[in-house]
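Below you'll find the structure, written out as structure tokens, and then a few comments.
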Amino acid sequence: MIKITLPDGSVREFEKSVTGLQIAEDISPRLAKEVLAISINDELSDLTRPIYEDANIILHKFEDDEGKHAFWHTSAHILAEAIEALFPGTKFGIGPAIENGFYYDIELAEGKTLSENDFPAINKKMLELCQQNNPVVRKEVSKAEAISTFEKKGDNYKTELISELEDGTISFYQQGNFTDLCRGPHLPSTGYIKAIQVLSLAGAYWRGDETRKQLTRVYAISFPKQKMLQEYLLMLEEAKKRDHRKIGKELELFHFSQKVGMGMALWLPKGTMLRDLLESWLTEELKKRNYEMVKTPHIGHIDLYKTSGHYEKYGKDSFQAIQTPAEGEAFMLKPMNCPHHVEIFKARQYSYRDLPYRMAEFGTVYRYEQHGELHGLTRVRSFTQDDAHVFCRPDQVKDEFKKIIELVMYVFKSLNFTEYKAQISLRDPKDKTKYIGSDENWDKAEQAIQEAAEEMGLKPKIELGEAAFYGPKLDFMVKDALGRTWQLGTIQVDYNLPERFELEYKGSDNEMHRPIMIHRAIFGSMERFVAVLIEHTAGKFPLWLSPQQIVLLPISEKFNNYSKKVLELLKKYDIRGEIDDRNEKIGRKIRDNELKRIPYLLIVGEKEVESNTVSVRKQGQGDLGIMSPENFAELINKEIQEYFNN
RNA sequence: GCCAAUGUAGCUCAGGGGUAGAGCACUUCCUUGGUAAGGAAGAGGUCAUGGGUUCAAUUCCCAUCAUUGGCUCCA
């Protein structure tokens, strides 16, 4: 008998060679139905693999990343099996599970191509293979045997992969007539997959190497329930509707011009209003938290970036330096704000009592992004960071992290991002040599970050080896209304710049000490954040952020003057809006302004003029009845207040 | 930067070797209206740019630029 310990700490005894599936059955038949993979002593494995020794196990369902991974990985094999059946002679590269579904890189037989027209046939075949409920069988093979298997098939991609593996660690998985090289784990059988569908095609280099052959990448997704696939496809459709590039155009928020240059957004009046509202709101929050606002130029002397190290690392891949005509001095468009902020810090001397010094700027930076990488507002060459740097003593790192986490959480909550995750990136414990800064400082900072996150109620994922060379960090990933994740906030410790710029403060011991610098951004870039906000809200911004909160709709032009009077009055209550005085019928005006996602429409006609009222219509809800303009102003200002109080 | 697709009116898109098309938007006129599209007329294009083939190119070919989807990169 062996002892199996479950995640809740309970221990059960089983015969030697018990499998994960049998353990699940022992716990509950329902669990046995849902479980997809197992972790045995933190190592991911198949449910059908026997366990011979005492072990800690975790059973994974589709809801867990690990379960999804196994599910989609097996699905990738189904995709390959279907393609092999339909397109004999296809060579296979790799076919991993990804965040949303899976893909397989393939090379079709000479002269054959794959197009969207082939999707229905592949889908049909895949479903058929799933319904056959073929068992997925693991087989361990020797290297020689593995290579000869794929040599016989003429699949040079697989043989290349195998040739890099160590003998004795190679496993094949077989389902139906299809065998693939794979580490696993996999589902016990293909019948778990109830819905499966090809999504798109793309080109991808073999092993991501642009000097090598380009393969066809087939993206697909699968689910344990048909309904889940339908929901996913609906979500994709909705995402298309919410595309910030489309809504940005419709709502006249921003524009791109080839003449100005690609990847450089032009902010239209309404987009600028939105950005200004976000910026001034955040500025107020920063001031409450004792940040000091600064402003720095858009360019900086090349020596600044030589000192910071950015020139050496990124100089070649940046916009090239510009020179003064007379002296030939070189300046760079600033790719980061931090060197400028460091120079502000250096403008005077500091005592340990002066720290922390929190410095913030909405700083516009310029980076040469490769042209294929540009995408709407999310990848641009000119963007404004909501940047801040905290200069502090080592003993203050934890407290500063807590304060920044508080701010990040406040901002997310205020903007209705209710779901988010945190990730802490630490040093690679196996190789500490590639990091700058003392061992002692790193240990202290890494501990401080983890404690700070813990005490703020975050449950961060810890990633070893993901830290930058200059310091550990804490990143925030938010989930939007469609369940997509976006990386927004980041908090990073930096030992590098204080070192390079020789920053100092005088300690209580009357000795000079080096401060620690913390970089942090909450929105990240205003451009990107506005894009995320647009897609999160589908352009229906919260009332306080709407560039136009109201539009007055006169029934006919006879009521234009009254509308103007009402608008002037509402402006006194800080309400933003305009009058739709087009020569159109009221139905038309309502339709057009609803489509512009105006939160409130105020209809005025004869009735309203006589009673000195407005007829209020709320976006998405329709007619709210009539009230005086003053009452309406109070109503919406109350709505905004309540928004922040919740 | 690499691969592929795309580029036609302000926007969304149809078309196609021989005088350039629609809907919406725009302008003017009619209409002065009551909670999601009132009517008519008009204006608007070097068919991305540069070459080539052709009697003739917006259409076919090549190159360039841009956009989109991927790949690679990302302080």
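Note: CD1 (A:Ile586) to P (B:G33) measures 12 Å, nearest angstrom. Atom CG in A:Asn583 sits roughly 14 Å away from atom C1' in B:C26 (whole-Å rounding). In this structure, A:Lys589 places its NZ atom 14 Å from P of B:U32, rounding to the nearest Å. Across the protein-nucleic acid pair, A:Asn100 atom CG and B:G70 atom P stand 12 Å apart, rounded to whole Å. Rounded to a whole Å, the CZ atom of A:Phe256 is 18 Å from the C1' atom of B:G10. To the nearest angstrom, C1' of B:U68 lies 16 Å from NZ of A:Lys246. Distance A:Lys596 NZ to B:A36 P: 17 Å, rounded to the nearest Å. Distance CG (A:Leu304) to P (B:A75): 19 Å, rounded to an integer number of Å.
In this structure, the nucleotide among B:G38, B:G33, B:A75 sitting nearest to the side chain of A:Ser318 is B:A75. In the set B:U35, B:G69, B:A36, the nucleotide with an atom closest to the side chain of A:His375 is B:G69. In this structure, the nucleotide among B:C11, B:U32, B:G34 sitting nearest to the side chain of A:Lys558 is B:U32. The side chain of A:Glu373 has B:U72 as its nearest neighbour among B:U72, B:U32, B:A66. Checking B:A66, B:G1, B:A75 against every side-chain atom of A:Gln258, the shortest atom distance belongs to B:A66. Picking from B:G70, B:U68, B:A75 the nucleotide with the shortest atom distance to the side chain of A:His310 gives B:A75. Distance from the side chain of A:Tyr368 is smallest for B:G1 among the nucleotides B:G1, B:A36, B:U12. With B:G34, B:A36, B:A75 as the choices, the nucleotide that has an atom nearest any side-chain atom of A:Tyr470 turns out to be B:A75. Closest to the side chain of A:Ser556, from the set B:A36, B:U32, B:C71, is B:U32. Nearest nucleotide to the side chain of A:Gln370, out of B:G38, B:U32, B:G1: B:G1.
A:Phe92 and A:Tyr157 have their aromatic ring centers separated by at least 6.0 angstrom. If you look at A:Tyr366 and A:His298, their ring centroids are closer than 6.0 Å. You'll find the ring centres of A:Phe345 and A:Phe391 inside the 6.0 Å limit.
A salt bridge between A:Glu369 and A:Arg379 is present, with a side-chain N of the basic residue lying under 4.0 Å from a carboxylate O of the acidic one.
Taking the side chain as every heavy atom from C-beta outward, A:Phe254 and A:His244 approach each other to under 4.5 Å. The side-chain heavy atoms of A:Glu578 and A:Gln548, taken from C-beta on, include a pair separated by under 4.5 Å.
A donor-acceptor contact under 3.5 Å links the side chain of A:Glu608 to the base of B:G34. No N or O donor and acceptor, one from the side chain of A:Arg217 and one from the base of B:A4, sit under 3.5 Å apart. Side-chain to base pairing of A:Arg379 with B:C74: one donor and one acceptor N or O lie within less than 3.5 Å of each other.
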A:Phe523/A:Phe529 under ring pair (Phe, Tyr, Trp, His ring centres under 6.0 Å): CA gap, chis, key distance, verdict: CA-CA 6 Å; A:Phe523 296 147; A:Phe529 186 76; 4.2 Å; yes
Using the rule given for side chain to side chain donor-acceptor pair (under 3.5 Å), can you reason through A:Asp303 versus A:Tyr311, listing the C-alpha separation, both sets of side-chain angles and the distance that settles it, and then say yes or no? CA-CA 9 Å; A:Asp303 287 348; A:Tyr311 183 76; over 6 Å; no
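A donor atom on one side chain and an acceptor atom on the other are not found under 3.5 Å apart for A:Gln487 and A:Thr485. Of the N and O atoms on the side chains of A:Tyr600 and A:Gln621, not one donor lies less than 3.5 Å from an acceptor on the other residue.
Put simply, A:Lys249 has a side-chain N or O that comes within less than 4.0 Å of OP1 or OP2 on B:U12. Using a 4.0 Å cut-off, no side-chain N or O of A:Arg245 falls inside it from OP1 or OP2 of B:U12. One finds a side-chain N or O of A:Tyr219 lying less than 4.0 angstrom from the OP1 or OP2 phosphate oxygen of B:C71.
Using a 4.0 Å heavy-atom cutoff across all strands shown, A:Gly587 reaches sugar-phosphate atoms only and no base atom. Within the 4.0 angstrom heavy-atom criterion, no nucleotide atom of any strand lies near A:Lys313. Using a 4.0 Å heavy-atom distance criterion, A:Leu374 is classed as a sugar-phosphate-only contact. Nucleic acid contact class of A:Glu606 (heavy atoms, under 4.0 Å, all strands): base. Within the nucleic acid shown, A:Glu584 comes within 4.0 Å of at least one base atom, counting heavy atoms only.
Within residues 334-342 of chain A, the residues approached by RNA chain B to less than 4.0 Å at the level of any non-hydrogen atom are A:Pro335, A:Met336, in residue-number order.
Comparing A:Gly376 and A:Tyr366 by the nucleotide of RNA chain B whose heavy atom lies nearest to each, the residue mapping closer to the 5' end is A:Gly376. Heavy-atom nearest nucleotides on RNA chain B were determined for A:Tyr314 and for A:Asp623, and the one closer to the 5' end corresponds to A:Asp623.
No side-chain donor-acceptor contact under 3.5 Å links A:Arg217 to the backbone of A:Ala204. Between the side chain of A:Asp386 and the backbone N or O of A:Ile522, at least one donor-acceptor pair lies under 3.5 Å.
Consecutive Watson-Crick or G-U pairs involving RNA chain B, each under 3.5 Å on both distances, make up stems of three or more pairs at B:1-7 with B:65-71, B:10-13 with B:21-24, B:26-30 with B:38-42, B:48-52 with B:60-64.
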